[in-house]
Structure formats: structure tokens, C-alpha cells
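Worksheet for the structure shown next.
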Amino acid sequence: MLWLQLTPCRHPLEDVSFSRVIRDSKGGLMRLSLSKDQKYRVYTRLADIPPAAVDAVLRYEDHYYWQHPGVNALALARAAFGLLAGKRLMGGSTITMQVARLTYGLETGKIGAKLRQILLAVQLEWNFSKEEILEAYFNLAPYGGNVEGLGAAAIVYFHKSPSELTPGESMALMLVPQNPVQRRPAQDNANFTAALYRLESSWHGRKEHAPLRVFGTNDLPFAVPHLSTELLQQQGDNQLRTTIDPANQKRIERHLRLFTARQHSYGLTNGAALLVHWPSMEVRALVGSADFFNNDIMGQVDGTRVRRSPGSTLKPFIYALALGQGLIHPMTLLADTPRSFSGYDPENYDGSFRGPIGAADALRTSRNVPAIALAARLKNPNFYGFLRNSGVEFLSDENHYGLSLVLGGAEVTMRELAGLYAMLANKGVWRPLRILHATDHEDKALPLLSPEAAFVTLSMLEDGDPDHQVRSHGGTVLPLRIKTGTSNGFRDAWAAGIVGPYVLVVWLGNFDNKPNPLLVGAISAVPLFSQIARELAASEPMQDHFTRPDHGLNVEYIEVCAATGDLDTSLCADTAKAWFIPGVSPLAPSGVFRSILVDKTTGLRACMPQDGRTEIQTWEFWPTELAQMFARAGMPKPEPPPFMPECERKDLQAGSPPRIVQPKDGLVYRLSLSNKGNESVAFIAHAEAGVKSLHWFVNGSYLGSRAPGEIILWKAVPGDAEVRVVDDAGRAAQKRLRVRAAQ
């Protein structure tokens with residue numbers, strides 16, 4: 001007894017390391033890791049082991065377990081008698097004695113070791129309950145190789161949890177711990193099958209009808225490899241249940257694998273995809289690369305976590321912010337014309353400009369200048385602040401990116417992008433993605449867009465193209481609200497959008513940044529997106545959540561002028577319907593359609609109405625840069641007639657002032673010392689329809705006149721200068737110019 005008092009008694013499972021088990025949303029095994037001591041050992045509560053399995057083990061291993069104090073005197077006597085007869089000391093061990101041997105690593109083939117095992121067993125019984133000791137046995141018993149415990153054995157050998165084992169499978173595992181080397185479960189292990197046959201015959205007098213299907217450690221699943229690897233690298237619980245839907249995971253893996261196989265000869269060898277159930281924010285499928293095991297494509301890199309240029313996939317959020325800040329409605333007229341933003345001269349993917357274009361069309365066709373012009377007008381928050389609030393982790397501060405953010409100047413992850421699109425579906429409320437099931441988990445919810453702006457933005461992404469529609473299980477036709485993205489240099493092709501209750505994001509590219517002219521969102525990513533979307537829709541009933549606004553949403557479907565987006569359609573021949581946010585959407589007219597007085601005799605504009613001599617006519621007053629684009633497109637817009645000579649200048653001043661496009665905002669012009677006095681700066685301005693001449697002044701000195709859109713040159717001198725331009729109606733604009741000598 002003195003020895004027992006001096007020996008500290010620890011719990012049998014204290015300091016025992018266990019494997020980590022990762023399961024999908026249906027409970028299927030995704031990954032089983034090794035414990036720290038390189039064992040497959042899964043912690044299993046006694047309550048999770050079927051009573052039938054417990055009873056079978058006790059019947060086979062220790063019939064009097066619940067009665068003895070840790071040792072079975074009769075069994076020990078039989079073992080001792082065998083030892084006296086010259087046989088090896090074995091047998092007679094109770095389950096408690098086996099737990100003592102496993103806990104303390106005892107070699108019990110000799111009398112001294114056996115006595116210590118007996119004493120430790122009594123000590124365990126004194127300090128812990130029968131249930132605790134039995135639970136320890138089911139977690140420590142050897143089941144062949146590096147498999148320990150019933151939980152791991154059930155997973156490894158039968159791909160089941162202990163509660164799912166059949167009576168035959170429980171019986172097969174029960175006989176292994178007595179001789180785990182020879183009876184290791186395997187269909188080609190004669191010792192295992194013979195022992196199982198003898199046991200079944202002695203208990204049932206027959207063998208099970210169907211032979212058991214036994215797996216091995218090499219057959220363990222390695223599903224969703226990028227996500228399961230990520231989770232194993234993190235600290236956390238040993239039992240993890242993810243939100244992955246195994247059916248959708250396999251669908252997307254198959255589509256990505258087949259797509260890249262078909263496009264392999266064209267150099268499209270890798271991609272990634274992410275599927276998010278936006279009502280719950282659960283990640284239902286995550287494919288980080290086309291082939292996890294392909295080193296040629298760096299397949300173990302997780303494409304859903306790496307930062308890539310998103311191209312134009314962020315543009316919907318510029319329009320959403322602009323809608324919420326009252327800058328536009330879907331038909332607001334925007335200018336897609338050459339323009340400079342602080343020295344930044346953006347172009348469109350196709351190298352052309354379309355002139356006047358409605359906001360919805362500008363978004364769907366991904367025009368760059370309108371998006372950048374809108375982003376420059378955003379306030380509280382601006383675009384950078386909005387993205388930062390939406391979980392985008394920028395690598396640099398706002399000044400580093402400027403307006404290049406609009407065209408993918410800052411890299412984002414696919415997960416961040418999916419979260420943004422889910423925010424549109426969730427009425428402007430941003431919530432983090434969920435990868436693990438957690439009953440007590442409360443999502444952080446941030447309302448970053450108005451519900452109305454989110455709804456209208458999604459409606460703007462719907463293009464009515466039959467190729468961008470899918471048929472749900474049950475026959476419902478669903479529009480695909482997709483936005484594409486192409487990074488600078490053709491290194492990333494994106495398609496992101498909403499399919500029923502899902503946000504789907506796909507990416508094609510190369511992790512080594514190798515460019516490919518086919519890495520264009522509309523060319524390569526959209527077909528893959530559509531293929532996945534069709535199968536997703538066909539696999540389950542879906543409904544479209546955004547065809548009509550929810551009850552209480554402050555939006556109206558109103559008639560506007562198709563050409564300008566003006567709410568006043570009295571002067572407009574063609575009208576269209578658009579969503580409008582009362583109290584928020586802009587009301588100011590574009591000023592393009594105007595009623596003017598025209599003298600019937602001369603055709604000139606009159607200043608005052610005169611009975612019988614003047615009439616009211618409707619004319620289009622397009623700014624000169626847009627009028628020039630109409631003319632280049634073969635649709636010249638006639639200029640309004642000039643005023644009659646007797647009209648005074650004050651009658652002419654209605655309308656917009658000129659707009660200086662050169663010199664550019666925010667630039668400092670540098671003069672070369674070697675060419676001092678001979679360098680010129682070009683001035684250009686546009687004006688509204690009807691303006692014939694623009695008069696230029698520098699620091700109050702008259703420089704000359706030119707027609708709108710024509711260049712006038714000024715010989716630059718160092719210093720600050722005020723450039724002023726006045727049209728022939730007296731309307732003026734000015735800009736500050738900075739000229740410095742080169743260092």
C-alpha cells in the first residue's frame with residue numbers, strides 16, 4: 001500500500017494526443033490526421049459507443065468488469081497456474097489492467113511487471129469510475145499498426161463512426177486488441193478472418209451472410225484537400241464539422257477538372273471556385289486548384305485564399321454606393337469618353353469609347369471611364385473605405401491605389417469577393433463566411449449598403465440573355481447575375497455572381513502569373529460559371545429572390561427617358577422603365593432635351609415669343625465631346641440654331657460652362673532645361689451644343705480662340721498659372737496649372 005500512495009495516479013487519457021477529424025456537413029469524413037505521436041487515435045465518449053458493442057467487448061474481454069475491483073482473482077490464478085506449468089505469463093488481465101498497461105507502457109510478460117500492473121489497476125479503480133476506465137480502454141486499445149481506439153478503428157477499417165457499426169463489424173473489431181499484430185483487420189489477413197469465423201461460430205453458430213468490407217489507412221479520404229489542410233494547420237477542436245456540401249463539392253471539382261483538361265492545349269490549366277449559400281453564409285464548396293496533387297500547376301496553393309487582381313468584378317459595388325448616395329439611378333446618363341483623372345488615362349478592354357451610356361448598360365458592359373468617374377465622386381464612404389469595411393485586407397494605404405481600385409489595382413481573395421457579392425444578396429448587410437458549423441456562433445453583421453441600393457444593383461446585373469439563364473429543378477427559370485473580371489496583362493479571368501440561393505465565384509489563371517490572351521473573364525470564366533450554375537440549378541428546387549422587391553422596400557419602377565434617363569419624359573420620344581429610390585435617386589435633368597423658341601421665318605432662335613412668328617421646338621443639346629462621338633459613329637446630332645442678332649448676351653447664358661480636359665488635374669508639368677523656352681502645353685476644352693468658339697486666357701492674358709475640342713498651345717514658363725476658358729455665351733471654367741523646371 002505504501003507503494004500505491006507514493007505513485008501519483010493520473011487519468012488514463014491525460015497527456016494523450018488525439019487525431020483531428022474533419023467532416024462535411026452531412027457527417028461524411030473529409031480528413032483524419034495523425035496524432036502528435038503518429039497514431040490514428042480518435043477521442044470517443046463512452047456515451048457514443050453503442051451499448052451492444054460495449055456488451056460484446058465485456059463479454060469477450062472481461063465478463064465480470066462491473067463486479068471486480070480491478071483484478072479478477074480467478075483469472076489471475078489460472079494465469080499463475082499456467083506460469084507454474086512452464087507457459088508464458090499471459091491472460092487473466094481485466095480491462096482495468098489493460099488500461100494500466102496501455103497508460104504506463106508496461107511489458108507484462110514477467111512476474112514483477114505483472115504485479116505492478118495489478119497494483120496500478122487497483123489504484124485506477126480507487127481513483128476513477130468504472131465508466132471513465134472503460135472509456136479510456138475504448139480510446140487506447142490497439143487495433144493493428146498505428147490505429148488505436150475504437151473510434152479510429154471504426155473510421156479506418158469501416159469508414160464509419162462507432163455508432164454506425166453493424167454487429168458484425170463490432171465483433172470484428174472486438175477480437176483485435178488481444179493480438180493486434182496478427183489480427184489486424186484486412187480482407188487478405190487469414191488470421192483475422194479465421195479468428196472472426198471462430199468467434200461468430202461460437203456466438204451465433206453461423207457466419208454473417210455478407211463478407212465484411214474492410215479498408216486500410218491508405219483508403220482514408222482526402223476530401224476538400226485545400227480546406228482540410230488549412231483547418232489542420234489551425235489550433236482548435238479535434239472534431240470539426242464543416243459546412244461543405246459533399247454533392248456540390250464533387251460537382252464543382254468535376255467541372256473544374258474537366259474544363260481545364262479540355263482547355264489544356266490552350267494553356268488554361270488551373271483555376272479555383274467557391275460556392276457560398278448566401279442566406280446562411282456557409283461555404284458549401286471550395287476548390288482551391290484544378291488538381292491538388294499536380295506540382296506543375298502548383299496545385300497545393302489554395303486559389304480561394306491567394307490575393308489576385310479582381311479586374312472589374314468590384315465595379316458593381318461602385319454603382320451600389322453611387323445608387324445609395326443619390327448620384328445615379330439605373331438609367332442615369334454617363335459619359336464613356338476619353339478622360340484623364342489626375343494623369344490617369346483609362347481605356348476600355350476593347351480600346352473604344354461608346355459616348356453617352358446608361359448606368360446599367362455601363363455596368364453590364366464594364367465600361368471603365370464611367371465607373372472611375374463615379375468612384376471619384378463617392379463620399380462617406382469612398383470606395384476604399386467601403387471595401388475595407390467589407391473585410392478586404394489591403395496591403396497598402398488608400399493613396400497607394402487611388403482610382404486604380406476600380407479596375408483591379410488592389411488584389412483581393414476569392415473569399416473576400418464572395419463575401420461582397422453575398423452582401424448584395426443579403427440586402428446590403430455584410431457578414432463573414434462560415435466554414436465550420438457552430439451552434440453558439442453569432443455572425444458579425446454590418447449594414448454597409450442600403451437594401452434598396454443592393455436590390456437595384458442586382459437588377460442592373462441582369463441582362464436578359466438566354467445564355468445567362470438556368471432552369472431549376474422543378475422548372476423555374478433563373479437569371480444569372482454575373483460580373484466578369486480580367487486583370488491587367490491577362491493573368492486572371494473571373495466570373496462572380498448569384499445563382500438562386502448561392503454566390504458562385506470562379507477564377508482561371510496561373511499561380512506563377514504567366515499571362516494568357518484567353519484569360520479574359522467573358523471568354524473563359526463565364527462558360528465555366530454557366531456550366532456549374534446549370535448543374536447546381538438542376539440539382540435542387542430554386543427560386544429567384546430578386547425579380548421583385550421585398551415588401552416595404554423603398555423602390556419604384558418608373559418610366560424615364562431612354563436616351564438620357566431623365567424623369568421628365570415630356571420632351572422624350574422613347575421611354576424605358578427603371579428602378580428608382582424615392583428621396584434618394586437624382587431628380588436633376590440632364591439638360592439634353594430642351595424646348596427652344598424658333599423664328600419660323602429665319603429658323604434662328606428667338607428670345608421672346610411672338611404670335612404667329614415663333615414656335616416651340618425640341619432640340620438635343622449634347623456636349624461637344626459626345627456630339628463628336630455621335631458623328632464618328634455615323635449618327636451626327638444637328639446643332640441647335642444660333643440666336644437672332646437682337647438677343648442680348650444675358651439671354652444666352654443658360655446651360656453648362658465649358659469643361660477643360662487639358663491640362664490634366666493633379667499633374668505637375670516639368671520643363672526640360674535643355675529645351676527651355678521652347679516647350680508647349682496643350683489646352684483642350686469641350687462645351688455644350690451650339691458653342692462655336694472658346695476663348696483662352698492664362699493669368700488674365702488672352703491666348704487665342706479655338707473651336708470646342710481643338711488644341712491651342714501655350715509656351716510654358718515655370719510657376720503657377722490660372723488657365724481660363726470662356727465660350728461665346730460668356731460661360732467660363734478655370735483650372736490651376738503647375739509648371740516646374742526639371743531637376
Side-chain angles (χ1 to χ4, degrees), residues 1 3-19 35 39 41-80 89-106 108 113-143 147-154 161-165 167 169-180 199 203 238-239:
M1 293 299 295
W3 183 87
L4 286 175
Q5 293 172 355
L6 295 176
T7 303
C9 185
R10 69 173 189 267
H11 191 281
L13 298 182
E14 183 181 339
D15 298 329
V16 174
S17 66
F18 290 93
S19 301
S35 63
K39 305 285 188 182
R41 185 190 297 116
V42 177
Y43 174 71
T44 307
R45 299 183 310 162
L46 183 62
D48 295 329
I49 299 173
V54 174
D55 292 342
V57 168
L58 294 181
R59 178 180 175 185
Y60 186 73
E61 291 280 355
D62 192 348
H63 191 70
Y64 297 100
Y65 175 75
W66 298 108
Q67 289 79 36
H68 64 63
V71 294
N72 187 325
L74 290 176
L76 284 176
R78 287 196 300 269
L89 181 60
M90 60 185 301
S93 292
T94 63
I95 282 180
T96 311
M97 292 173 64
Q98 293 183 53
V99 170
R101 175 176 58 81
L102 295 169
T103 301
Y104 293 95
L106 303 177
T108 57
K114 197 68 175 181
L115 289 175
R116 187 183 178 203
Q117 181 186 16
I118 292 171
L119 293 173
L120 287 171
V122 173
Q123 190 178 21
L124 285 173
E125 293 272 354
W126 181 265
N127 286 278
F128 304 105
S129 68
K130 287 282 189 179
E131 288 78 9
E132 289 178 287
I133 296 169
L134 188 58
E135 182 177 275
Y137 172 80
F138 278 113
N139 281 279
L140 297 174
Y143 283 89
V147 180
E148 292 189 359
L150 183 65
S161 65
S163 61
E164 297 171 325
L165 293 172
E169 290 165 345
S170 295
M171 188 179 298
L173 293 179
M174 180 186 61
L175 58 84
V176 177
Q178 281 195 353
N179 197 339
L199 183 62
W203 280 21
N238 286 332
Q239 299 277 348

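Here, residue 1 is the first one in the sequence, and each next residue gets the next number. The analysis underlying the following values was restricted to heavy atoms, covering all of them including side chains, and did not include hydrogens, waters or symmetry mates.
By the 4.5 Å heavy-atom criterion applied to side chains, Asn139 and Leu13 are counted as neighbours. You'll find the side chain of Ser163 stays beyond 4.5 Å of the side chain of Asp48, heavy atoms only. Counting heavy atoms from C-beta on, the side chains of Leu120 and Arg101 never come closer than 4.5 Å. Side-chain contact check for Leu102 versus Pro142: some heavy-atom pair is nearer than 4.5 Å. Contact check for Asp62 versus Met97: no side-chain heavy atoms found under the 4.5 Å cut-off. Side-chain atoms of Tyr143 and Arg41, non-hydrogen and from C-beta on, never get closer than 4.5 Å to each other.
Take Glu125 and apply the salt bridge (charged side-chain N to carboxylate O under 4.0 Å, His left out) test, not counting sequence neighbours, and it matches Lys130. Partners of Glu132 under the side chain to side chain donor-acceptor pair (under 3.5 Å) rule, at least two apart in sequence or in another chain, are Ser129. Residues forming a side chain to side chain donor-acceptor pair (under 3.5 Å) with Tyr65 (at least two apart in sequence, or on another chain): none. Under the side-chain contact (heavy atoms from CB on, under 4.5 Å) criterion, Ser170 pairs with Ala53, Leu165, not counting sequence neighbours. Considering only residues two or more places apart in sequence or on other chains, Glu61 meets the side-chain contact (heavy atoms from CB on, under 4.5 Å) condition with Val57, Ile95, Gln98, Tyr137, Pro177, Gln178. Ala172 is linked by a side-chain contact (heavy atoms from CB on, under 4.5 Å) to Phe158, Phe192, Leu196, Leu212, counting only residues two or more places apart in sequence or in another chain. For His11, the ring-ring contact (aromatic ring centres under 6.0 Å, His included) test picks out Phe128, with sequence neighbours left out. Scored by the side-chain contact (heavy atoms from CB on, under 4.5 Å) test, Val54 finds Leu46, Ile49, Leu58, Leu134, Phe138 as partners (sequence neighbours excluded). The side chain to side chain donor-acceptor pair (under 3.5 Å) check on Glu131 picks up nothing, with sequence neighbours excluded. Legend: residues meeting side chain to side chain donor-acceptor pair (under 3.5 Å) with Asn238, ordered by chain and number and at least two apart, are absent.
Distance check, rounded to the nearest 0.5 Å: CG of Asp15 to CZ of Arg10 gives 6.5 Å. In this structure, CG on Leu175 lies 9.0 Å from CE on Met171, to the nearest 0.5 angstrom. Within the model, atoms CG of Leu124 and OG1 of Thr96 stand 7.0 Å from one another, a figure rounded to the nearest 0.5 Å.
At distances below 3.5 Å, at least one donor-acceptor pair connects side-chain atoms of Ser19 with backbone N or O atoms of Lys39.
When every heavy atom of Ala136 is checked against every heavy atom of Val99, the shortest pair comes out as CB-CG1, 4.1 Å. Here the closest heavy-atom approach between residue Phe18 and residue Tyr43 is recorded as CD2-N, 3.2 Å. Minimum heavy-atom separation, Thr103 to Pro12: OG1-CB, 3.5 Å. The two residues Ala121 and Gly70 make their nearest non-hydrogen contact at CB-O, 3.7 Å.
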